[in-house]
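Read through the structure below, which is laid out as structure tokens, and then see the notes.
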Amino acid sequence: MLRLRRPGGGLGLTTRAGEGVSVTAEFTVRSGHQGAPGLAHGGVLAAALDETLGSLNWLQRVIAVTGRLETDFVRPVPVGAELHLEARVTAVHGRKIYCSATGRIDAPDGPVAVRAQALFIEVRVDHFIENGRAEEIDAALADPDQVKVARAFEVNP
């Protein structure tokens, strides 16, 4: 089982490669993720979906950015819940990568809380070099660990 987690990166999801071009992830909703009293903020849930969907690009060995993310909020997610996410690539056409994800409350077969459809666009590393902060780009490129260098330019690690 391939683990796709970068310590300290993003929301701290624990992500694993699944069958085909798919991943699963878990995300614990903490008090800092609260929107309405006792419930997860929708923006944080969308970020968790985006981060999980972005992990699919690592499996395909491509650098891609989110072009579109359409999110359906099916039911509230309480603070303290563990969101079980599953994402898969549904199609690839040229530089376009189409994918979908589902988030379930407290178990892989728990009630569906969120769903997303996304379009990622493959880009060259120059996209980040031209648009990122120079000191962070230089630090990433100076690292002798090539896997870490590649992960530094991953969109949703």
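Side chains are part of it too, since the values below use all heavy atoms of this structure and drop only hydrogens, waters and symmetry mates. Residue numbers count from 1 along this sequence.
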Specify the closest pair of heavy atoms between L83 and A113, including all atoms of both residues, with the distance to one decimal. CD1-CB, 4.3 Å
Scan T90, V62, I121, L53 and name whichever one has a side-chain contact (heavy atoms from CB on, under 4.5 Å) with I97. V62
Considering only heavy atoms from C-beta outward, does the side chain of V23 approach that of W58 to under 4.5 Å? no
Only one of T66, L56, V92, V89 passes side-chain contact (heavy atoms from CB on, under 4.5 Å) with F120, and that residue is T66
Separation of H93 NE2 from L119 CG (nearest 0.5 Å): 12.0 Å
Provide the closest heavy-atom pair for S22 versus L59 in the form atom of the first, atom of the second, distance. O-CD1, 3.4 Å
Ignoring hydrogens, what is the shortest heavy-atom contact between T52 and A25? Give both atom names and the distance. OG1-CB, 3.8 Å
Heavy-atom pair with the smallest gap, counting every atom of L49 and A101: CD2-CB, 3.8 Å
CZ on R115 to CD on E86, rounded to 0.5 Å: 13.5 Å
Any idea which heavy atoms bring P76 and I105 closest together, and the distance? O-CD1, 3.5 Å
Check the pair R88, S100 against side chain to side chain contact (heavy atoms under 4.5 Å, CB included), reporting the backbone distance first and the verdict last. CA-CA 6 Å; R88 69 182 53 255; S100 63; 4.2 Å; yes
Can you tell me which residue pairs pass the side chain to side chain donor-acceptor pair (under 3.5 Å) test with a partner in residues 67-85, sequence neighbours excluded? E82-H84
Taking every non-hydrogen atom, the tightest pair across P78 and L39: CA-CD2, 3.9 Å
Pairwise side-chain contact, L45 with V77, heavy-atom cut-off 4.5 Å (strictly under): yes
